[in-house]
Enquirer: 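Structure in structure tokens, see below.
Just follow the structure's listing: the first ligand is 1, and inside any ligand the first atom is 1. Fair warning: this is a prediction, and the values are worked out from it, not measured in the lab. Keep in mind that the numbers below use all heavy atoms, side chains included, and drop hydrogens, waters and symmetry copies.
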Amino acid sequence: MLAPKRLLTALALSFMASTAHAADEVVVYSSRIDELIKPVFDAYTAKTGVKIKFITDKEAPLMQRIKAEGENASADLLLTVDAGNLWQAEKMGILQPFTSRLIDANIPPQYRSSAHAWTGLSLRARTLAYSSERVKPADLSSYEALADKQWEGRLCLRTAKKVYNQSLTATLIEVHGAEKTEQILKGWVGNLSTDVFSDDIAVLQAINAGQCDVGIVNTYYYGRLHKQNPNLAVKLFWPNQGDRGVHVNLSGIGLTRYAPHPEAAKALVEWLTTPEAQRIFADVNQEFPANPAVPPSAEVASWGRFVPDTLPVEIAGKRQAEAIRLMDRAGWN
Ligand code: FE
């Protein structure tokens with residue numbers, strides 16, 4: 001038999017253990033696929049004992065689900081790609097801003113929400129890809145120059161419906177204004193060799209197959225295809241190195257407004273910005289770590305160094321509606 005005082009202590013301890021246990025879980029809604037998030041979550045669970053449950057789907061249904069669940073939320077975190085999507089989530093009111101000295105120290109401010117509603121975790125450049133057989137790097141210079149006559153019938157683009165192109169267009173508007181951006185987009189559309197593609201891999205394959213000579217793609221798709229086909233006759237080019245730099249976008253994460261385990265979720269987000277997690281998270285998709293103290297993988301580094309655009313990526317969200325209107329006016333399908 002335990003003495004009364006000992007019994008009380010034992011009860012208090014078991015109560016504390018059970019409440020701690022309830023918080024030892026984080027639920028993530030992710031538009032990033034299982035194989036890209038499981039390795040980093042497994043590493044966190046192994047390190048801390050905190051279980052991470054996640055469901056994956058496209059960002060729009062996930063965001064709608066968080067909104068519909070409201071105060072009965074099951075998700076603590078929303079993990080998705082592109083600042084355009086994260087900004088939409090922020091504007092829908094489904095995220096809960098929080099500040100963290102660790103996150104502020106680990107992730108540069110241009111890759112975070114200025115309202116602290118989300119932070120970037122990995123970076124990808126949306127850059128030029130060209131045929132190493134039919135194009136010399138000296139022929140290339142900037143996104144804008146792809147509107148020139150010399151590229152007539154030689155350009156491949158992905159659909160304007162994809163947020164990646166909307167975000168790139170948003171940064172063009174920020175720099176050049178609407179009128180000049182519309183002229184650039186009309187130039188691109190006029191130079192297309194064929195209809196727009198539904199994904200970046202198809203753009204790269206079209207360049208490789210000789211259907212076009214140049215296109216605009218996210219770097220990790222190049223990495224993915226190059227891994228499958230080391231003889232790919234396509235290379236990456238870093239545009240705008242004399243002026244505003246290469247468009248960089250991100251994957252990122254935000255705490256949901258009614259997160260059931262907010263403290264455990266914040267601790268996970270903080271850890272995701274540390275070097276240990278950054279390496280796993282970026283390397284598995286051939287991306288650049290968002291924490292500048294962490295070098296990219298050897299493979300990603302082999303693509304060469306470049307000057308990135310330093311505009312805050314949330315511009316992509318702020319100007320998204322305008323970008324969609326301009327793309328439509330320019331005839332970009
Ligand atoms: Fe993608």
Enquirer: For the aromatic rings, using the six-membered ring if either is Trp, is the centroid distance between Phe306 and Phe288 under 6.0 Å?
Expert: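 Yes: the rings meet the under 6.0 Å criterion.
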Enquirer: State the count of protein N/O/S atoms located less than 2.8 Å away from the Fe ion (ligand 1).
Expert: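 Considering protein N, O and S only, the Fe ion (ligand 1) has 3 within range.
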Enquirer: With no hydrogens and no angle check, do the side chains of Glu59 and Gln88 hold a donor and an acceptor under 3.5 Å apart?
Expert: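 On atom types as modelled, these side chains do not qualify, holding no pair under 3.5 Å.
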Enquirer: Please determine whether a side-chain nitrogen of the Lys or Arg among Glu35 and Arg224 lies less than 4.0 Å from a carboxylate oxygen of the Asp or Glu.
Expert: no
Enquirer: Hey, which of Asp82, Thr171, Asn85 is the one that makes side-chain hydrogen bond (donor to acceptor under 3.5 Å, both in side chains) with Asn249?
Expert: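 Only one of Asp82, Thr171, Asn85 forms a side-chain hydrogen bond (donor to acceptor under 3.5 Å, both in side chains) with Asn249, namely Asp82.
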Enquirer: Is any side-chain heavy atom of Leu77 less than 4.5 Å from a side-chain heavy atom of Val27?
Expert: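 No, side chains not in contact.
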Enquirer: Ignoring hydrogens and geometry beyond distance, is a side-chain donor-acceptor pair present between His176 and Glu144 at under 3.5 Å?
Expert: yes
